[in-house]
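The next block holds one structure in the form of structure tokens; read it before the comments.
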2 protein chains.
Amino acid sequence: MTSSPSGRRAGKSSLSAVASRRVERPAPLRQAVYDALLELIVSRTLAPGQHLVEAELAEYLGVSRQPVREALQRLQTDGWVDLRPAQGAFVHTPTEEEADQLLAVRSVLETYSAKLAAEHATTQDVKQLKRLQKAGEDALAAADAERLVQANANLHAAVAAIGRNKVLAEMIGLLDRRVRWYYTPIARPHSRDSWNEHAELIAAVADGDAERAGEVMRRHAEQTRQTYHNRKNIENN
Amino acid sequence: MTSSPSGRRAGKSSLSAVASRRVERPAPLRQAVYDALLELIVSRTLAPGQHLVEAELAEYLGVSRQPVREALQRLQTDGWVDLRPAQGAFVHTPTEEEADQLLAVRSVLETYSAKLAAEHATTQDVKQLKRLQKAGEDALAAADAERLVQANANLHAAVAAIGRNKVLAEMIGLLDRRVRWYYTPIARPHSRDSWNEHAELIAAVADGDAERAGEVMRRHAEQTRQTYHNRKNIENN
DNA sequence: ATACAGCTTTTGGTATGCAAAAAGCAGTTC
DNA sequence: GAACTGCTTTTTGCATACCAAAAGCTGTAT
């Protein structure tokens, strides 16, 4: 009785009081493998074009081939690796064409996301946005590029979340991460101006002005798109 | 020599003459399983909420558990099933909230897609669109609901393809299919009016008028959204 | 050089086993 | 008779082992 780790029943008994208690089931191993591999790819430890041998990854991560296979397949559908039949997985090599297409779609979705945010934002939400913006300002002052990138991602994710459209938020999250990865060699998030635009955006959201929020976001996105587009060469070193 | 199935080399030998020959590597089995399961889900042979037991599916399809597992995981990322840790796969049950979010995102993306199509369409492309429209008209005249749905999907896919943005086209394809599935019980694609709008759309694309094409598509999408939204009840029988 | 004949590596799949979690079934208690 | 408790069965998630066939890499003969 004492040794048993207590109830594991999941039925509809009278939990009333504990109803909100998160069950927190253990995430499958393949998820951990997915995260680990994604980290290796994003950090360029695994270079674009590189052949990923299942057995090697499995040994490196201390697991069997199966979870590695499953993680690789999810990485493919998310656009991080290419799975060539009978040849295996290769770290995806971004092309300029694809990068531009990604930026274009992201621009459209983020514009809509900003509109939704303006329509749904509570005062709480606005407060949070301002906190995130301040975090970015701090990183900017400290000239901490890493933190700035993160702050930028957080802010955009927060805007998407405020829009209350999960489908949209998830799509934006993926697109954002891919876009950032594509351009990491040349990114150095365009510093000062970019953050001034964020201030504008937050103001529009706070006013509940959907049209203006959308327009600001569109300008913001299109401008980054131009910035990238000018530096034609994506250096995949 | 005779028994060996001839060359399988894929290197850069002097194929000059045959360079364009598609190598056509055999699609992995998991892809076939994915298709089969998706078909079963879309056709409602597997009902929303139903628990999918790997072993059963494997036996039914005549394969082992592994390809089934992999197919199920891709089905999850595409939104067709839910994978609960340590419990397995359940056919996804659409909620009204999610359906509306999906429709909203689709509306935004299709609007952009129409704009792109108007900017890129060649006379060839326009011809093809008109062919597809005619196919729809025929189905409408024959009162063949099944074919009408297919014609509708084809037309939208064609518009997306003309836009020359693969990322966008793929997203729209998935969204479209999910949306249609969500509403299959009540869909009966809104017949006559809907196809008149298609004619308008094609005209705008033919004129290369991006703004108009986008506007027409937005109206079209928003109108379907309203149509669905009115019939509140999603019957998941 | 070029084409061909092995040899090796890697995939994609099969079969099997197993710990641990979940679901189901009792039986017991109040 | 409703709820807790313990036991059994089912199912997942992963490991291990094995194999055919494809892809890649030689070297060798032409």
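This structure is a prediction, so every number in the text was calculated from the model and none was measured. Atom set for the values below is all heavy atoms of this structure, side chains included, hydrogens, waters and symmetry mates excluded. Each chain gets a letter, A, B and so on, in the order the sequences are listed, and its residues count up from 1.
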Below 4.0 angstrom from OP1 or OP2 of C:dT11, is there any side-chain N or O of A:H51?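 Checking A:H51 against C:dT11: at least one side-chain N or O falls below 4.0 Å of OP1 or OP2.
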
Between A:Q87 and D:dA22, is there a contact of a side-chain N or O with OP1 or OP2 at under 4.0 Å?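 So the side chain of A:Q87 is outside the cut-off, no N or O lying under 4.0 Å from OP1 or OP2 of D:dA22.
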
Side-chain donor-acceptor pair present, A:Q101, B:R164, cut-off under 3.5 Å: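 No.
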
Indicate whether any N or O donor in one side chain lies under 3.5 Å from an N or O acceptor in the other, for B:Y112 and B:N165.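 No, because no side-chain N or O of B:Y112 sits under 3.5 Å from a partner of the opposite role on B:N165.
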
Evaluation steps, side-chain contact (heavy atoms from CB on, under 4.5 Å), between B:K115 and A:V108: CA-CA 12 Å; B:K115 283 189 195 171; A:V108 171; over 6 Å; no

Determine the contact category for A:L52: base if any of its heavy atoms lies under 4.0 Å from a base atom, sugar-phosphate if only primed atoms, P, OP1 or OP2 are that close, otherwise nothing.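 A:L52: backbone/sugar contact only, no base atoms under 4.0 Å.
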
What does B:Q66 touch in the nucleic acid at a heavy-atom separation under 4.0 angstrom: a base, only the sugar-phosphate, or nothing?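 Base, at least one base heavy atom under 4.0 Å.
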
In this structure, how many angstroms lie between the [atom2] atom of [N] and the [atom1] atom of [X], rounded?
{"X": "A:Q73", "N": "C:dG13", "atom1": "CD", "atom2": "C1'", "result": "12 Å"}
{"X": "B:R84", "N": "D:dT11", "atom1": "CZ", "atom2": "P", "result": "15 Å"}
{"X": "A:E70", "N": "C:dG12", "atom1": "CD", "atom2": "C1'", "result": "13 Å"}
{"X": "B:E59", "N": "C:dA15", "atom1": "CD", "atom2": "P", "result": "12 Å"}
{"X": "B:L83", "N": "C:dA22", "atom1": "CG", "atom2": "C1'", "result": "15 Å"}
{"X": "B:E56", "N": "D:dT12", "atom1": "CD", "atom2": "P", "result": "9 Å"}
{"X": "A:F90", "N": "C:dT10", "atom1": "CZ", "atom2": "C1'", "result": "10 Å"}
{"X": "A:L72", "N": "C:dG12", "atom1": "CG", "atom2": "C1'", "result": "13 Å"}

Could you say whether A:A86 or A:R65 is positioned toward the 5' end of DNA chain D, judged by the nucleotide with the nearest heavy atom to each?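 First, find each residue's nearest nucleotide; the 5'-ward one identifies A:R65.
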
Measuring from the side chain of [X] (C-beta onward, heavy atoms only), which nucleotide among [options] has the closest atom?
{"X": "B:L29", "options": "C:dA23, D:dG13, C:dG13", "answer": "C:dG13"}
{"X": "B:R30", "options": "D:dT12, D:dC14, C:dG13", "answer": "C:dG13"}
{"X": "A:S64", "options": "D:dT16, C:dT14, C:dA22", "answer": "D:dT16"}
{"X": "A:R69", "options": "C:dG12, D:dC14, C:dT14", "answer": "C:dG12"}
{"X": "B:P67", "options": "C:dT11, C:dT14, D:dT11", "answer": "C:dT14"}

Quick one: does B:R69's side chain get under 4.5 Å of A:R30's, heavy atoms only?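 Of all side-chain heavy-atom pairs linking A:R30 with B:R69, at least one is under 4.5 Å.
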
Parallel, tilted or perpendicular: which fits the ring planes of B:F90 and B:H51, with parallel below 30° and perpendicular above 60°?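 Geometry flag for B:H51 against B:F90: parallel rings.
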
